[in-house]
Amino acid sequence: MGPVPRTLELFYDVLSPYSWLGFEVLCRYKNIWNISLQLRPSFIAGIMKDSGNQPPALLPRKAQYLRNDVRLLGQYVQVPMHLPKDFFSVILEKGSLSAMRFLTAVSMEHPEMLEKVSRELWMRVWSRDEDITEPQSILAAAEKAGMSSEQARGLLEKISTPKVKNKLKETTEAACKYGAFGLPITVAHLDNQTHMLFGSDRMELLAHLLVVFRPG
Amino acid sequence: MGPVPRTLELFYDVLSPYSWLGFEVLCRYKNIWNISLQLRPSFIAGIMKDRNQPPALLPRKAQYLRNDVRLLGQYVQVPMHLPKDFFSVILEKGSLSAMRFLTAVSMEHPEMLEKVSRELWMRVWSRDEDITEPQSILAAAEKAGMSSEQARGLLEKISTPKVKNKLKETTEAACKYGAFGLPITVAHLDNQTHMLFGSDRMELLAHLLGEKWMGPVPPAINARL
């Protein structure tokens, strides 16, 4: 029997394009590295509020940079990223609360579907410029991921229950406790240490940490 | 004769630890990739002004940055050690004289720019030494191999309009490329110019250049013929 897989927690929000990039890279590596990837749907607006940070899109130069960076990285990482026409409205006005509550419900009741449903939500907002705020939008993503209409509706009904709302809050608070000021964050649990890495651009460093701190 | 080397401009400030990481990686690759690396001493406070705020001002970012810079220093093999009074170094003491000095070096002794820049980083980001006093700057220049006389000559020029304006212009050029912080690497490709922010876009840069990325510490390769 080989060494115990190390746990990596990925805290993400489908509103965050960099979360999508980090997610796809880790999903690819979960079958290559000796890791156990735990997906943690979180609420980026909550993290911004708690940390006193502001969305980069609010700073004009960062918004301009982000648009180009996300496009180039999408090509390089081979994720079909296409910026929404009304970029600011999507990020700053429409948000992701229902979508992330839905993913929270999925994580609680059908965790085996979490990866696929998350991906379909990203494909809607960050590839096809489609809505992710309306109930119909969320159901469409769930069904595209392979959920039955019945199952999807069942979960949708639960998104305004205290149980699901609180779970999303808790996960978001956990990210904050790890020091998050944005998303995505990857938390690597190594033998003696826990490392929180911010962004989708610390994967090479993560690989290095996984090797350097490989169990003996 | 091979293809024309592509120009990469690196805009940096020695106050920025991420600038140091980007600088060392590009200095290693300048002898491997077919590039012409142009170092552009800039003033990070000038870039931040009215456009952004130093990450160190947000408590969680400051905490993250300290750890990130330490881990990356180890991984990139740059002897990074955080100054004891981190906030004072970044937010109070600053880098104006140091960057004016490097501007003067770039104007009069460009062949020394890489070494003097490195020695300033070694002072502030490795040995927790001052870089604001004239003696500090002279010490860095001399450690880089400049004669005392040469160094003093350049130091005298840092308050001249010529040098002050050159630093302003370089900083404005970075702003024109869209900088909201440093470092930025500007890659001039055949039909396009790409501005990449931070020290963590080198793999993407390699891809844009059509070159091979071998990590931040590539094996030394004999100079191309």
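If you're wondering where the values come from, they're calculated on a predicted model, not measured in any experiment. Sequence lines set the chain letters: A, B, ... in the order given, protein chains first and strands last, and positions in each chain run from 1. Every heavy atom of this structure was used, including side-chain atoms; hydrogens, water molecules and symmetry mates were not.
- Looking at Asp201(A), both its backbone and its side chain come within 4.5 Å of chain B, counting heavy atoms on both sides.
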Check the pair Lys62(A), Phe197(B) against side chain to side chain contact (heavy atoms under 4.5 Å, CB included), reporting the backbone distance first and the verdict last. CA-CA 10 Å; Lys62(A) 281 193 186 180; Phe197(B) 168 68; over 6 Å; no
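- With rounding to the nearest 0.5 angstrom, the CG atom of Leu205(A) is 9.0 Å from the CD atom of Gln74(B).
- Heavy-atom distances place both the backbone and the side chain of Leu196(B) under 4.5 Å from chain A.
- Shown here for Arg60(B) and Ser51(A), the closest heavy-atom pair between the two residues is NH1-CB, 3.4 Å.
- Highest contact tally toward chain A, considering only Ala179(B), Pro59(B), Gly215(B), is held by Ala179(B) [criterion: heavy-atom pairs under 4.5 Å].
- Applying the side chain to side chain donor-acceptor pair (under 3.5 Å) test between Tyr75(B) and each of Glu204(A), His208(A), Arg202(A) identifies Glu204(A) as the sole match.
- Per-residue heavy-atom pair counts under 4.5 Å with chain B were compared for Val77(A), Leu209(A), Asp50(A), and the maximum is reached by Asp50(A).
- In Lys30(A), the NZ atom is crowded: over 12 heavy atoms of neighbouring residues, nucleotides or ligands sit closer than 6.0 Å.
- The local environment of CD in Glu112(A) is crowded, with over 12 non-hydrogen atoms from other residues, nucleotides or ligands closer than 6.0 Å.
- Residue Leu59(A) touches chain B through its side chain alone, counting heavy-atom pairs closer than 4.5 Å.
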